[in-house]
Engineer: 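Dumping the structure here so I can ask a few things about it.
Nothing fancy with the numbering, it's 1 onward along the sequence.
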Amino acid sequence: MSDTPQIILASGSPFRRMLLENAGLRFRVERSSIDERAVEETLEGSHADPEAVAQVLAEAKAVEVSERFADALVIGADQTLSLGDEVFHKPADMEAARRHLLKLSGRTHQLNSAVVLARNGAAIWRHVGIARLTMRKLDPGFVGRHLARVGEKALGSVGTYQIEGEGIQLFEKIDGDNFTIVGLPLLPLLAELRALEAIDG
């Protein structure tokens with residue numbers, strides 16, 4: 001398939017990179033230079049739901065990188081965590097991480113994982129995968145001990161947890177696939193890449 005388009009992942013996430021590598025894709029990584037918070041600020045007052053926010057951010061990343069690499073297929077991805085109407089961001093420090101976990105304790109939140117394909121500065125495909133996660137009721141003392149054990153890793157995700165590690169101990173129920181939780185709805189993405197004849201299939 002020598003005439004297939006180059007595939008670029010517009011994300012610095014080691015987890016997204018690992019998912020694509022494990023799936024056998026040949027691709028390169030080119031991080032987007034967009035300011036995510038600035039993009040979000042443009043949505044204020046628009047009543048965009050958390051799924052739409054994730055999609056807008058994923059599209060902005062994919063389009064920005066695709067403008068730099070002619071004819072490449074660029075994968076942009078982003079994830080938001082919503083608890084009702086409230087959208088969570090990655091915690092700034094360990095105290096913010098503690099507050100996040102206590103707020104999510106005993107409640108069901110939603111992870112909205114958007115993936116967008118762009119080519120030559122335009123989005124050509126969009127998808128948002130949704131997972132619903134119910135956290136068990138957490139004792140504040142346990143939260144402190146948990147954060148002490150996982151350390152700075154807690155600051156690397158919007159939910160303050162890595163489900164593939166000790167974070168799994170925080171939950172009592174999960175509805176959704178692991179790919180969506182990690183931040184890349186892989187099966188729909190692979191299906192679209194096959195439809196575009198970008199990968200063998």
Engineer: So, taking the atom named CZ in Arg119 and the one named CD1 in Ile8, what distance separates them when rounded to the nearest 0.5 Å?
Structural biologist: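 If we round to the nearest 0.5 Å, Arg119:CZ and Ile8:CD1 are 11.5 Å apart.
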Engineer: Would a hydrophobic clustering, with Ile, Leu, Val, Met, Phe, Trp and Tyr connected at side-chain separations under 4.5 Å, put Ile163 with Phe15?
Structural biologist: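 Looking at the clustering, Phe15 is in a separate group from Ile163.
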Engineer: Assess whether side-chain contact (heavy atoms from CB on, under 4.5 Å) is satisfied between Val74 and Glu30, documenting all intermediate values.
Structural biologist: CA-CA 9 Å; Val74 179; Glu30 293 288 345; over 6 Å; no
Engineer: Could you tell me whether a side-chain N or O of Lys61 sits under 3.5 Å from a main-chain N or O of Ala77, the two making a donor and an acceptor?
Structural biologist: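 Here the side-chain-to-backbone pair exists.
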Engineer: Would you find more than 12 non-hydrogen atoms of other residues, nucleotides or ligands less than 6.0 Å from Asp35 atom CG?
Structural biologist: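 More than 12 within 6.0 Å, yes.
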Engineer: Tell me whether Ile124 shares a hydrophobic cluster with Leu25, the cluster being built from Ile, Leu, Val, Met, Phe, Trp, Tyr side chains joined at under 4.5 Å.
Structural biologist: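 Hydrophobic grouping puts Ile124 with Leu25.
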Engineer: Give the cluster check for Leu111 versus Leu187: same hydrophobic cluster or not, with ILVMFWY residues linked at side-chain heavy-atom distances below 4.5 Å.
Structural biologist: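 No, no single cluster joins them.
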Engineer: Checking side-chain contact (heavy atoms from CB on, under 4.5 Å) for the pair Lys153/Glu166: CA distance, chi angles, key distance, verdict?
Structural biologist: CA-CA 10 Å; Lys153 289 180 185 176; Glu166 274 195 53; over 6 Å; no
Engineer: Supply the atom-to-atom distance Arg28 CZ to Ile7 CD1, rounded to the nearest 0.5 angstrom.
Structural biologist: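 Separation between the atoms: 13.0 Å.
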Engineer: Taking the side chain as C-beta and beyond, is there a heavy-atom pair between Val53 and Val87 under 4.5 Å?
Structural biologist: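 Side-chain contact under 4.5 Å: no.
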Engineer: A side-chain contact here means heavy atoms from C-beta on lying under 4.5 Å apart; do Leu155 and Met94 qualify?
Structural biologist: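 SC-SC contact between Leu155 and Met94 confirmed.
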Engineer: Determine yes or no for a side-chain-to-main-chain donor-acceptor pair under 3.5 angstrom, with Arg16 supplying the side chain and Gly12 the backbone.
Structural biologist: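 Flag not set: sc Arg16 to bb Gly12 has no pair under 3.5 Å.
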Engineer: Report yes if the side chains of Leu170 and Leu104 come closer than 4.5 Å at any heavy-atom pair, otherwise no.
Structural biologist: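 Leu170 vs Leu104: side chains apart.
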Engineer: Main chain of Thr160, side chain of Ser157: is a donor-acceptor contact present, judged purely on distance under 3.5 Å?
Structural biologist: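 It does hold such a pair.
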Engineer: If we only count heavy atoms from C-beta on, is the Pro50 to Gln110 side-chain gap below 4.5 Å?
Structural biologist: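 No; the side chains remain at least 4.5 Å from each other.
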Engineer: Once you round to the nearest 0.5 Å, how far does CG of Leu83 lie from NE2 of His109?
Structural biologist: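 Result: 8.0 Å between the selected atoms.
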Engineer: CG of Leu138 to CZ of Arg136: how many Å apart, nearest 0.5 Å?
Structural biologist: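 With rounding to 0.5 Å, CG (Leu138) is 5.5 Å from CZ (Arg136).
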Engineer: Do any pairs count as a ring-ring contact (aromatic ring centres under 6.0 Å, His included) and have a residue in residues 59-89, sequence neighbours left out, and if so which ones?
Structural biologist: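 For residues 59-89: Phe88-His100.
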Engineer: List the atom of Ala131, the atom of Gly176, and the distance in Å for their closest heavy-atom pair.
Structural biologist: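 Nearest pair, atom of Ala131 first, then Gly176: CB-CA, 4.0 Å.
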Engineer: Among Ile, Leu, Val, Met, Phe, Trp and Tyr joined by side-chain contacts under 4.5 Å, find the other residues sharing a cluster with Val63 and list them by chain and number.
Structural biologist: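 Listed partners: none, Val63 stands alone.
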Engineer: Minimum heavy-atom separation for Leu101 to Gly159, with atom names?
Structural biologist: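 Looking at all heavy atoms of both residues, the closest pair is CD2-O, 3.8 Å.
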Engineer: Could you tell me if the side chain of Leu117 sits less than 4.5 Å from the side chain of Leu189, heavy atoms only?
Structural biologist: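 With C-beta onward as the side chain, the pair touches.
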Engineer: Of all heavy-atom pairs between Arg31 and Ser11, which one has the smallest distance, and what is that distance?
Structural biologist: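 Looking at all heavy atoms of both residues, the closest pair is CG-C, 4.2 Å.
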Engineer: From Arg68 CZ over to Ser33 OG, what is the distance, rounded to the nearest 0.5 angstrom?
Structural biologist: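 One gets 5.5 Å once the value is rounded to the nearest 0.5 Å.
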Engineer: Grab the two heavy atoms, one from Val128 and one from Ala114, that are nearest each other, plus how far apart they are.
Structural biologist: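 Answer, listing the atom of Val128 first, then Ala114: CG2-CB, 4.0 Å.
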Engineer: Would you say that Val158 contacts Thr80 through its side chain, given a criterion of any heavy-atom pair below 4.5 Å between the two side chains?
Structural biologist: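 No, too far: nothing below the 4.5 Å cut-off.
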Engineer: Return the minimal non-hydrogen interatomic distance between Ala23 and Leu186, and the atom names on each side.
Structural biologist: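 Shortest heavy-atom contact: CB-CD2, 4.3 Å.
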Engineer: Tell me which donor-acceptor pairs under 3.5 Å the side chains of residues 178-185 have, and how far apart each pair is, sequence neighbours excluded?
Structural biologist:
from, atom 1, to, atom 2, distance (Å)
Thr180, OG1, Asp177, OD1, 3.2
Thr180, OG1, Asp177, OD2, 3.4

Engineer: Within the side chain of Asn120, is there an N or O that forms a donor-acceptor pair under 3.5 Å with the backbone of Asp71?
Structural biologist: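 Judged by distance alone, yes, a pair lies under 3.5 Å.
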Engineer: From Asn112 CG over to Glu51 CD, what is the distance, rounded to the nearest 0.5 angstrom?
Structural biologist: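 Here the rounded value is 4.5 Å.
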Engineer: Closest heavy-atom contact between Gln79 and Ser113?
Structural biologist: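 Shortest heavy-atom separation between Gln79 and Ser113 comes out as NE2-OG, 2.9 Å.
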Engineer: Answer yes or no: does atom CZ of Arg149 have more than 12 heavy-atom neighbours from other residues, nucleotides or ligands under 6.0 Å?
Structural biologist: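 Atom CZ in Arg149 is packed in, count exceeds 12.
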Engineer: When hydrophobic residues are tied together by side-chain contacts of less than 4.5 Å, even through go-betweens, does Phe171 share a cluster with Ile130?
Structural biologist: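 No.
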Engineer: Taking the side chain as C-beta and beyond, is there a heavy-atom pair between Phe27 and Glu21 under 4.5 Å?
Structural biologist: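 The answer is yes; the side chains approach within 4.5 Å.
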Engineer: Applying the 4.5 Å side-chain criterion to the ILVMFWY set and letting contacts propagate, would Val29 and Val65 be lumped into a single cluster?
Structural biologist: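 Hydrophobic grouping puts Val29 apart from Val65.
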Engineer: Check whether any side-chain heavy atom of Glu192 sits under 4.5 Å from a side-chain heavy atom of His127, and report yes or no.
Structural biologist: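 Not in contact.
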